[in-house]
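We use all heavy atoms of the structure for the numbers below, so side chains are in, but hydrogens, waters and symmetry mates are not.
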Amino acid sequence: MTVTVPSQRPASADLLIHGGDVLTVDEAGTIVPDGAVAVRDGEIVEVGPAEELRTRYAGAETLDATGCLVLPGLVNAHTHLAMTLLRGRADDVTLQGFLERVIRWESELLSAENVATAIRVAIAESVRAGVTSALDMYWFHEAAERVAREAGWRLHTGPTFMDVPDPADGIAYEDRLAWARRDLASRAPRPGTRPVLFAHSAYTLSPEQLTEIAALAREFGALLHIHAAENATEVATVEVRYGKRPVELLDSLGLLGPDLLLAHTVDLTGAEIAALARTGTSVAHCPVSNLKLGCGIAPVPRMLSAGVTVGLGTDGAVSSNSLDVLRSLGLAALVHKADGDPTAVGAEQAVRMATIEGARALGLDDHLGSLEAGKRADLIVLDLGGPHLAPRHDPWSTLAYAARAEDVRDTLVDGRVLMRGRTLTTLDEGAALTDLAALVSRADLV
């Protein structure tokens with residue numbers, strides 16, 4: 001049975017991924033055993049039984065997925081990719097201690113060239129882990145975008161606002177709004193993307209600044225992304241300064257809404273969860289980083305019960321030491337059971353958080369996050385041949401509790417194969433690692 005309806009154009013495809021079990025992650029949770037995905041011009045045109053689609057798209061290039069699971073590419077809903085530069089340099093510290101070290105090092109180390117060097121390695125790591133898109137808050141976003149375009153990888157990024165004395169890119173806050181406006185105005189629409197602005201947090205930006213940034217985002221229909229309520233110390237800092245907790249403050253400023261995505265939200269009250277649900281504000285859950293920094297465990301089951309959209313993020317490779325969304329997926333499915341409820345976040349829910357719910361949090365669920373006709377062909381092929389994946393009973397459980405990044409065999413973005421047979425095809429991984437090692441060896445960080 002064909003599960004998505006092809007367009008009315010004559011049957012043709014550039015690429016046919018066939019022979020594996022297809023986990024569509026559509027609303028019904030459809031699984032097609034021995035299925036296939038037909039792709040034309042970077043778009044999925046049909047999903048259905050392999051036998052039928054092989055006949056219908058006989059002229060297409062093929063990618064044999066026999067013995068594998070085909071699923072949507074993973075969405076990293078919150079990260080700082082170029083922090084790969086500092087992986088391992090700020091471990092076993094609190095969030096506040098982490099920030100004190102990293103901000104100082106960034107001011108010394110960062111440049112457009114150095115961000116580009118770090119981003120190449122970050123994209124290589126992400127592609128290997130089956131991550132096909134990421135929301136990246138960081139300095140020198142133009143350099144990051146250039147590298148991502150060259151690699152054919154889907155990067156969601158844009159201007160970042162953080163009112164610190166010595167910003168890494170040298171653009172003071174009073175000049176950033178005009179700079180960001182020029183950036184947003186220069187962007188041409190592309191399928192599977194949208195403009196983005198990043199406001200670091202309510203403790204590095206004033207309420208007036210947050211309001212100005214939000215107004216600019218709304219003017220251009222941009223997604224606004226903010227860290228919020230990452231730990232109790234942050235909440236107390238904002239409350240002392242402004243008389244309101246971070247989410248409460250954002251709500252009072254009129255910032256909550258469907259075009260706002262908050263990272264972390266570990267320390268929330270019931271009223272704040274209700275406000276997120278009422279306004280359609282989304283959340284990026286980063287369980288690895290939150291645990292490593294001792295921030296706590298976000299109340300994800302309560303947010304989900306209230307109807308809040310929750311995606312998954314890795315955070316940066318300094319605070320989590322990994323850009324592996326499968327790792328975050330597995331931890332999200334496990335950590336919330338600690339209160340005694342093994343159903344708190346189930347396997348299917350965790351997989352959805354890493355795919356369609358992440359896309360929904362970005363406002364891109366019409367384009368990404370599931371394998372359905374009309375969506376972009378961002379997908380991965382996961383090899384099920386390892387002994388740790390046998391026997392194969394339930395693909396949702398396999399992904400949540402057993403799969404590893406190393407099981408990802410092929411990664412595609414917009415129908416372009418970025419990794420085939422565990423070999424990267426659009427990025428020189430060896431050169432990227434050599435360049436990063438040379439950069440780090442030259443750095444004098446204390």
Undergrad: Are any non-hydrogen side-chain atoms of L412 and L15 less than 4.5 angstrom apart?
TA: yes
Undergrad: Can we say R149 and E145 salt-bridge, meaning some charged N sits less than 4.0 Å from an Asp/Glu carboxylate O?
TA: no
Undergrad: Would you check if Y173 and Q209 make a side-chain contact, meaning some heavy-atom pair closer than 4.5 Å?
TA: yes
Undergrad: Could you measure the distance from the CG atom of L379 to the OG atom of S370? Nearest 0.5 Å is fine.
TA: 11.5 Å
Undergrad: Under the salt bridge (charged side-chain N to carboxylate O under 4.0 Å, His left out) rule, collect the residues that match up with E142, sequence neighbours excluded.
TA: none
Undergrad: Scan for ring pair (Phe, Tyr, Trp, His ring centres under 6.0 Å) pairs involving residues 300-337, sequence neighbours excluded, and state none if there are none.
TA: H285-H336
Undergrad: Could you go step by step and tell me if R176 and D169 meet the salt bridge (Lys or Arg N to Asp or Glu O under 4.0 Å) rule?
TA: CA-CA 10 Å; R176 295 189 84 82; D169 59 7; 2.9 Å; yes
Undergrad: I'd like to know if the side chain of S305 and the backbone of R302 have a donor-acceptor N/O pair within less than 3.5 Å.
TA: no
Undergrad: D183 and P159: which non-hydrogen atoms are nearest, and at how many Å?
TA: OD1-CD, 3.5 Å
Undergrad: Let me know which of L63, L382, L384, I380 forms a side chain to side chain contact (heavy atoms under 4.5 Å, CB included) with R409.
TA: L63
Undergrad: A quick test of your reading: do over 12 heavy atoms of other residues, nucleotides or ligands sit less than 6.0 Å from CG of D92?
TA: no
Undergrad: If you round to the nearest 0.5 Å, how far is CG of L256 from CD of E248?
TA: 10.5 Å
Undergrad: Suppose we screen for ring pair (Phe, Tyr, Trp, His ring centres under 6.0 Å). Which residues come up paired with H200, at least two apart in sequence or across chains?
TA: Y203, H227
Undergrad: Could you check E43 against R376 for side chain to side chain contact (heavy atoms under 4.5 Å, CB included), going step by step and ending with a plain yes or no?
TA: CA-CA 4 Å; E43 180 181 299; R376 306 310 299 170; 3.8 Å; yes
Undergrad: Quick one: list whatever passes salt bridge (charged side-chain N to carboxylate O under 4.0 Å, His left out) with K292, sequence neighbours left out.
TA: D91
Undergrad: Between the side chain of D339 and the main-chain N/O of D341, is any donor-acceptor distance below 3.5 Å?
TA: no
Undergrad: For D378 and L371, which heavy atoms make the closest approach, and how far apart are they?
TA: O-CD2, 4.1 Å
Undergrad: Could you tell me whether a side-chain N or O of D383 sits under 3.5 Å from a main-chain N or O of C68, the two making a donor and an acceptor?
TA: no
Undergrad: Can you list, pair by pair, the side-chain donor-acceptor contacts under 3.5 Å of residues 127-138, counting residues two or more places apart and other chains?
TA:
| from | atom 1 | to | atom 2 | distance (Å) |
| --- | --- | --- | --- | --- |
| R128 | NE | E429 | OE1 | 3.3 |
| R128 | NE | E429 | OE2 | 2.9 |
| R128 | NH1 | R422 | O | 2.8 |
| R128 | NH2 | R422 | O | 3.3 |
| R128 | NH2 | E429 | OE1 | 2.8 |
| D136 | OD1 | L81 | N | 2.7 |
| Y138 | OH | E106 | OE2 | 2.6 |

Undergrad: Could you grab the distance from atom CG of L291 to atom OG of S320, nearest 0.5 Å is fine?
TA: 11.5 Å
Undergrad: Is it true that a side-chain atom of R154 and a backbone atom of V413 form a donor plus acceptor pair closer than 3.5 Å?
TA: no
Undergrad: Are the side chains of L23 and W396 in touch, meaning some heavy atoms are under 4.5 Å apart?
TA: yes
Undergrad: Give a yes or no answer on whether the side chain of K337 reaches the backbone of A344 with a donor-acceptor pair at less than 3.5 Å.
TA: no
Undergrad: Going by salt bridge (charged side-chain N to carboxylate O under 4.0 Å, His left out), name the residues that satisfy it together with R245, two or more places apart in sequence or in a different chain.
TA: D267, E272
Undergrad: For the atom pair CD (E239) and NZ (K244), what is the distance rounded to the nearest 0.5 Å?
TA: 10.0 Å
Undergrad: Classify the side-chain pair T314/N76 by whether it contains a donor and acceptor separated by less than 3.5 Å.
TA: yes
Undergrad: Quick one: do the D324 and S322 side chains pair a donor with an acceptor below 3.5 Å?
TA: no
Undergrad: Counting neighbours of CD on E150 that are heavy atoms of other residues, nucleotides or ligands and sit closer than 6.0 Å, is the number greater than 12?
TA: yes
Undergrad: According to side chain to side chain donor-acceptor pair (under 3.5 Å), who are the partners of E208, at least two apart in sequence or on a separate chain?
TA: S206
Undergrad: Quick one: pull up CD1 in I356 and OG1 in T309 and give me the separation to the nearest 0.5 Å.
TA: 10.0 Å
Undergrad: State, with a plain yes or no, whether a side-chain heavy atom of D259 is found less than 4.5 Å away from one of R194.
TA: yes
Undergrad: Quick one: which residue pairs count as a ring pair (Phe, Tyr, Trp, His ring centres under 6.0 Å) with a foot in residues 288-314, not counting sequence neighbours?
TA: none
Undergrad: Measure across L184 and P195 and return the closest heavy-atom pair with its distance rounded to 0.1 Å.
TA: CD2-CB, 3.8 Å
Undergrad: Distance-only, no hydrogens or angles: does the T355 side chain make a donor-acceptor pair with backbone N or O of L74 under 3.5 Å?
TA: no
Undergrad: Are more than 12 heavy atoms from other residues, nucleotides or ligands located less than 6.0 Å from atom CD of E27?
TA: no
Undergrad: Can you tell me if CZ on R187 sees more than 12 non-hydrogen neighbours from other groups inside 6.0 Å?
TA: yes
Undergrad: Could you tell me which residues satisfy salt bridge (charged side-chain N to carboxylate O under 4.0 Å, His left out) with R120, sequence neighbours excluded, listed by chain and number?
TA: none
Undergrad: How close do R87 and A317 get, counting heavy atoms only, and between which atoms?
TA: CG-O, 3.2 Å
Undergrad: Examine distances only and state if a side-chain atom of T117 and a backbone atom of E113 form a donor-acceptor pair shorter than 3.5 Å.
TA: yes
Undergrad: Is a side-chain donor or acceptor of S201 paired with a backbone partner of A228 at a separation under 3.5 angstrom?
TA: no
Undergrad: Scan for ring pair (Phe, Tyr, Trp, His ring centres under 6.0 Å) pairs involving residues 228-258, sequence neighbours excluded, and state none if there are none.
TA: none
Undergrad: Is the shortest side-chain N to carboxylate O distance from D414 to R190 below 4.0 Å?
TA: no
Undergrad: To the nearest 0.5 Å, tell me how far N290 CG sits from D315 CG.
TA: 7.5 Å
Undergrad: Please find the pair of heavy atoms, one from D251 and one from A275, that lie closest to each other, and give the distance.
TA: OD2-CB, 3.8 Å
Undergrad: Hey, could you give me each pair passing side-chain hydrogen bond (donor to acceptor under 3.5 Å, both in side chains) that has a residue in residues 213-226? Not counting sequence neighbours.
TA: H78-H225, R181-E219
Undergrad: Would you check if L312 and P287 make a side-chain contact, meaning some heavy-atom pair closer than 4.5 Å?
TA: yes
Undergrad: Can you sort out the partners of H141 under ring pair (Phe, Tyr, Trp, His ring centres under 6.0 Å), two or more places apart, ordered by chain and number?
TA: W179
Undergrad: State, to 0.1 Å, how close L418 and G152 come at their nearest heavy-atom pair, and which atoms those are.
TA: CD1-O, 3.6 Å
Undergrad: Donor-acceptor check, side chain of E234 to backbone of E230, threshold 3.5 angstrom: yes or no?
TA: yes
